[in-house]
Amino acid sequence: MESAAVKSEGLVIPLIDFSAFLNGNPEQRKETAKAILHGFQTAGFIYLKGLPISPETRKQVFATSAKYFRLPTEEKMKHVWTTPEANRGYSAPGREKTTQLTDINDVKKLREGNPDIKESLEIGREGEPDLPNHWPEETGELVGFKSTMLDFHDRCKEMHTEVMRAIAVAMDLDEKFFDGFTDVGDNTLRLLHYPEVRKDVFTINPGQVRAGAHSDYGSITLLFQDQRGGLQVKSPTGVFVDATPIEDTCVVNAGDLLARWSNDTIKSTIHRVVEPPSGDGDVYPARYSIAYFCNPNFKSYIEAIPGTFATETDKKYAGISSGDYLVQRLAATY
Ligand SMILES: O=C(O)CCC(=O)C(=O)O
Ligand SMILES: [Fe+2]
């Protein structure tokens, strides 16, 4: 069954029970798949409940992430993010500026004015010989860090495959149409920490945000957020609307490459993170979120999905390699 998680300013983000796709009969699967695709076509965002990843697992990953960010800065800097090609490692507050701007100098100016108040650790596919992940030393609280994160990576990879299967079912394609695009798992797990911040930081500087307005680049993003709030999605009227946390759900949004792949029948919608709606005291407490950026295999060639165009001239974009597209996009924001 479906209801609305967000409904404001013409933005309707559905809340969909994913278990009805994962475990349902053919009719339930079809109906759920259609709701998922419809959400991506209209809002670009959906909330899923009935998740294939248990609450215990999610809780453990959040707790382990918090332990990582408690490390001293000089320790975290040993794992520092290096290049867009690698896209792995630690980004200190102010390092990345999420934005729609693509000119490096424009991004630099923006970053100097309103640095994002966040830090993150990117974990790519493990086992790429030339692109190792940067792991913290496993001592004290961090014993088990790597296996916890790699296990979560695998589970999210499976969830990516299932969401893409739902899209295939809704588009009347073979259910496994996208499997050959998701099987490698060229995806990035990003642990995010928005540190506690004084409230007056936002009043003194009206442009200040926790994470700047942007769209994601890949196929879909699985976003797990804590209960603090602050995530906002841009509505069709141009207003940023709160995507309020709902316990035991995952926010899933379509990225730019899926929009392109779908010949713009699916939307990649702009979103950002600002201070939470309210709260007592002089500070906003820390916020944690975990984003899993899913991509078509880097070696895949991405051209309009069958059924999203009638004739060749309806195709809005040239074909492109997934990996080339993503590196090009990442190169602009760091
Ligand atoms: O932290 C969040 O809720 C959103 C993060 C996000 O949009 C991103 O990292 O792309
Ligand atoms: Fe995002």
Side-chain angles (χ1 to χ4, degrees), residues 5-6 11 13 40 43-48 58 61-62 65-66 68-69 81 84 87-102 107 111 115-124 152-153 156 160 163 187-197 208-234 240-247 249-259 266-277 284-295 326 329-330 332-334:
V6 174
L11 179 73
I13 305 183
F40 288 142
F45 270 76
I46 60 175
Y47 281 57
L48 292 180
R58 286 181 271 126
V61 174
F62 269 88
S65 167
Y68 176 78
F69 290 113
W81 192 96
N87 193 29
R88 285 158 167 82
Y90 173 70
S91 301
R95 177 71 174 83
E96 183 211 26
K97 181 71 200 176
T98 50
T99 171
Q100 289 304 105
L101 298 175
T102 49
V107 174
R111 184 189 289 138
D116 283 359
I117 309 177
K118 69 171 197 287
E119 55 178 345
S120 63
L121 179 70
E122 320 277 334
I123 302 169
F152 192 63
H153 223 288
C156 289
H160 176 219
V163 174
N187 308 320
T188 301
L189 175 62
R190 172 190 271 175
L191 311 179
L192 281 150
H193 172 220
Y194 301 88
E196 177 183 280
V197 56
Q208 185 63 60
V209 289
R210 273 180 152 166
H214 68 281
S215 54
D216 295 345
Y217 310 144
S219 57
I220 57 169
T221 304
L222 311 178
L223 179 67
F224 302 90
Q225 50 171 341
D226 67 14
Q227 295 300 303
R228 293 278 178 238
L231 175 67
Q232 295 187 324
V233 178
K234 199 169 188 180
F240 279 99
V241 171
D242 290 327
T244 305
I246 301 177
E247 198 96 52
T249 66
C250 174
V251 173
V252 186
N253 61 292
D256 297 337
L257 191 50
L258 180 56
I266 284 174
K267 287 187 179 146
S268 173
T269 304
I270 296 194
H271 52 285
R272 67 179 186 182
V273 181
V274 297
E275 69 275 25
Y284 293 113
R287 173 176 186 267
Y288 292 87
S289 65
I290 294 171
Y292 187 76
F293 298 105
C294 305
N295 304 308
L326 293 159
R329 293 297 305 274
L330 275 165
T333 50
Y334 279 88

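Start at 1 and go down the list; that is how both ligands and their atoms are numbered. Everything numeric in this text was worked out from a predicted model, so none of it was measured.
- Taking every heavy atom of Y194 and a limit of under 4.0 angstrom, the matching atoms of ligand 1 come to 1 (O), 2 (C), 4 (C), 5 (C).
- Here is the list of ligand 1 atoms found below 4.0 Å of a heavy atom in H271: 7 (O).
- Using a distance-only test at 3.5 Å, with no hydrogens or angles considered, no donor-acceptor pair links the side chain of Y284 to the main chain of R228.
- Between the side chain of N187 and the main chain of N295, a donor-acceptor pair closer than 3.5 Å is present.
- Atom numbering of ligand 1 starts at 1 in the shown order; those under 4.0 Å from a heavy atom of R190 are 8 (C), 9 (O), 10 (O).
- For Q225, no nitrogen or oxygen atom sits less than 3.5 Å from a nitrogen or oxygen atom of ligand 1, counting backbone and side chain alike.
- The L192 neighbourhood of ligand 1 comprises atoms 1 (O), 5 (C), 9 (O), with distances under 4.0 Å to a heavy atom of that residue.
- Numbered from 1 in the order shown, with element, the atoms of ligand 1 that lie under 4.0 Å from a heavy atom of V273 read 1 (O), 2 (C), 3 (O), 4 (C).
- The shortest side-chain heavy-atom distance between L189 and F152 falls under the 4.5 Å cut-off.
- Residues S215 and R329 form a side-chain contact, since some pair of their non-hydrogen atoms from C-beta on lies under 4.5 Å apart.
- Aromatic pair Y292/H153: ring centres closer than 6.0 Å.
- Ligand 1 has no atom lying under 4.0 Å from any heavy atom of R272.
- Contacts between D216 and ligand 1, counted as non-hydrogen atom pairs separated by less than 4.0 Å, involve the side chain only.
- Near F293, with a cut-off below 4.0 Å to any heavy atom, the atoms of ligand 1 are 8 (C), 9 (O), 10 (O).
- Residue P195 comes nearest to K118 through the heavy atom pair CD-CA, 4.1 Å, listed as atom of the first residue, atom of the second, then distance.
- Taking 4.0 Å as the cut-off, H214 counts as a neighbour of ligand 1 on heavy-atom distance.
- With rounding to the nearest 0.5 angstrom, the CD1 atom of I220 is 12.0 Å from the CZ atom of F293.
- Per-residue contacts place S289 under 4.0 angstrom from the following atoms of ligand 1 (heavy atoms of the residue considered): 1 (O), 2 (C), 3 (O).
- We find the CG-CZ distance between L231 and R272 to be 10.5 Å, quoted to the nearest 0.5 Å.
- For the Fe ion (ligand 2), the nearest N, O or S atom contributed by D216 is named OD1.
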